[in-house]
Amino acid sequence: MLAPSPFVAAFLLSLSLSAAAAPQDAPAGLTLPLKKRSPAARTADEWGVWAKAHRVGLESKYGNPHPVRRATGSNLLVNQNGDSSYFGSIAVGTPPQAFNVILDTGSSDLWLADAACTTGCASVPTFAPASSSSFQNKSTAFSITYGSGQAAGALGADVVQMAGFAVQNQVFAVCDEVSDGLLSAPVSGLLGLGFQTIAASGASPLWETLVSGGAWDSPIMAFQLTRFLNDSSAAAEEFGGSFSMGFANTSLYTGDIDYVSMPVQGSYWILPLSDITVQGTAVSLPSGSGAYAAIDTGTTLIGGPAQYVAAIFAQIPGSQAGTGNFESYYTYPCDTEVNVTLSFGGARSWTISPADFQLTRLTRTTCLGAFFELSTGSSAPAWIVGDTFLKNVYSVFRYNPLAVGFAELSATARGLDSADTPVPSATIGSAATVSATATARSTNAAPRARGPSAGLAVVVAVAAAGAALAGVWL
Ligand SMILES: *[C@@H]1O[C@H](CO)[C@@H](O)[C@H](O)[C@H]1NC(C)=O
Ligand SMILES: *[C@@H]1O[C@H](CO)[C@@H](O)[C@H](O)[C@H]1NC(C)=O
Ligand SMILES: *[C@@H]1O[C@H](CO)[C@@H](O)[C@H](O)[C@H]1NC(C)=O
Ligand SMILES: *[C@@H]1O[C@H](CO)[C@@H](O)[C@H](O)[C@H]1NC(C)=O
């Protein structure tokens, strides 16, 4: 984690002090210790950024009569442990503390391990609420269960920045109990990019506050995810691609974005999985909600109902259901190049590279497939389509009208797979250009009761060298 630049830290300090000085916010008698700082040397560009951010900050403080200025932002990602997970970075508090977080379209809460975390947080950088002058303790318990584990703690609110956007009073959880293996350093938490309706905290997710507040040029966010799975020289951390808010990066895809309307209102990002082919042969699928698939950046692989996963492997001669730790998985002969296509009722179907289908080599001749049997229960979609698929497309999550779209990756994007691109570190990026205020909610309300699947994230740690399945799904 890199320390934020002094210039940005000073700017945020000034914003928070002006906000705290608003009469309605300051309890009588409260005085704020003001420290005089020697002015930082700024370039003309930095002065420009400062001037704009200062105006935007004041507009939001005094009630901006104009629409919020629209903008775009992007965050470079890190690919962790051979495509197991993809993380980006946010900054929280005053002065801002930068953290790496898994970007998860399959859940809707933001949480960070906190300084008091005792389990599951070894060598993970933690958030120190006491070090943020703008942190507000909501004194409400929080817990969430993912496919891969749990996190529990309490809710608070603070300013959260990402990719040049800032949300004041973002509600998030500071967690002091985290399942072993859920976080892998340097990741400190998770940023949910699903809809508020499934937030265990009940709070509006950062992205939804921004898009519904009109902060984005275009009501979309998009991912390009790199592949290092088949690269035996890959390191534990590699360049992971990018996440963009408010635009789709035209240098990362070619042709049109094939948008498919969501069949239901937002909870997870859901599309109907209408067709699967394996080695050119169609697998028959149900229609209706039995075919709903969550498009989930926070899940490593692709999980689906046992009978359809069995039907996929039935097309691969020599495949076998796994046993022991490999129960719910299948093995197949490594010399078979497996070509699976998925389509979601849009104009076209999308091929999963044989390199992604081959999760790992277990023996010289036996390989583990990337589809596994999953029973999600009634509150979540039947399928979870994770990074095994998403690495093969440019994916676009559209808020209005509600849709998920895919496009062909450009040669530029493909060129980032297995490439020697520097790994980005957690920084807060450029100074805030747009700020939105989270809608005030009844902040002491207990979190809504949730089923066990509030978060889908099933992270499978894939050994970077491809030698073994290093982690077991909890
Ligand atoms: C928030 O308040 C609760 C008590 O209401 C306390 O137990 C908890 O430690 C506080 N959290 C922080 C981060 O200050
Ligand atoms: C990984 O797989 C992709 C897609 O099949 C291929 O283009 C690439 O050359 C492979 N990389 C390595 C290092 O084998
Ligand atoms: C779009 O992607 C290209 C290729 O990775 C990158 O150089 C460029 O900075 C990106 N544009 C924006 C606005 O993020
Ligand atoms: C995979 O199968 C689809 C459908 O049969 C076909 O169009 C595509 O060319 C195949 N891709 C590869 C890499 O073999």
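For the single chain, residues carry numbers from 1 onward in sequence order. As the structure lists them, so they are numbered: ligands from 1, and atoms in each ligand from 1.
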List of N/O pairs, ligand 3 versus protein, all under 3.5 Å?
unit_1: ligand 3; atom_1: 2 (O); unit_2: Asn249; atom_2: OD1; d: 3.4
unit_1: ligand 3; atom_1: 2 (O); unit_2: Asn249; atom_2: ND2; d: 2.3
unit_1: ligand 3; atom_1: 2 (O); unit_2: Ser251; atom_2: OG; d: 3.3
unit_1: ligand 3; atom_1: 11 (N); unit_2: Asn249; atom_2: ND2; d: 2.9
unit_1: ligand 3; atom_1: 14 (O); unit_2: Ser74; atom_2: OG; d: 3.1

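Each of the atoms 2 (O), 5 (O) of ligand 1 lies under 4.0 Å from some heavy atom of Ser139. Short contacts between ligand 1 and Pro129, defined as distances under 4.0 Å to a heavy atom of the residue, involve ligand atoms 13 (C). For ligand 2, the atoms closer than 4.0 angstrom to any heavy atom of Ser353 are 4 (C), 5 (O). Atoms of ligand 2 found under 4.0 Å from any heavy atom of Arg227, numbered from 1 in the order shown, are 3 (C), 4 (C).
Once rounded to the nearest 0.5 Å, the distance linking CG of Leu110 with CD of Gln170 reads 6.0 Å. Here the CD1 atom belonging to Ile312 is positioned 11.0 Å from the OG atom belonging to Ser319, to the nearest 0.5 angstrom.
Geometrically, ligand 2 and Asn230 share a nitrogen or oxygen pair separated by less than 3.5 Å.
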Output a table of donor-acceptor pairs, distance under 3.5 Å, between side-chain atoms of residues 392-399 and any protein atom two or more places apart or on a different chain; print 'none' if there are none.
unit_1: Asn392; atom_1: OD1; unit_2: Arg227; atom_2: NH2; d: 3.1
unit_1: Asn392; atom_1: OD1; unit_2: Ser353; atom_2: N; d: 3.0
unit_1: Asn392; atom_1: ND2; unit_2: Asp356; atom_2: OD2; d: 3.0
unit_1: Asn392; atom_1: ND2; unit_2: Thr388; atom_2: O; d: 2.8
unit_1: Asn392; atom_1: ND2; unit_2: Phe389; atom_2: O; d: 3.3
unit_1: Tyr394; atom_1: OH; unit_2: Asn249; atom_2: N; d: 2.8
unit_1: Arg398; atom_1: NE; unit_2: Pro401; atom_2: O; d: 2.7
unit_1: Arg398; atom_1: NH2; unit_2: Pro401; atom_2: O; d: 3.4

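By the 30° and 60° cut-offs, the orientation of the rings of Phe406 relative to Trp350 is perpendicular. Ring-plane geometry between Phe127 and Phe99 is classed as perpendicular, the angle between the planes exceeding 60 degrees on a 0 to 90 degree scale with a lower cut at 30.
A distance of 6.0 Å or more separates the ring centres of Tyr86 and Phe223.
Under a 4.0 angstrom heavy-atom cut-off, Arg414 registers as lying outside contact with ligand 2.
With 3.5 Å as the limit, one finds a donor-acceptor pair spanning the side chains of Gln136 and Asn169.
For the pair Leu359/Leu301, a side-chain contact is recorded, criterion being any heavy-atom separation below 4.5 Å from C-beta on.
SG distance check for Cys334 and Cys367: under 2.5 Å.
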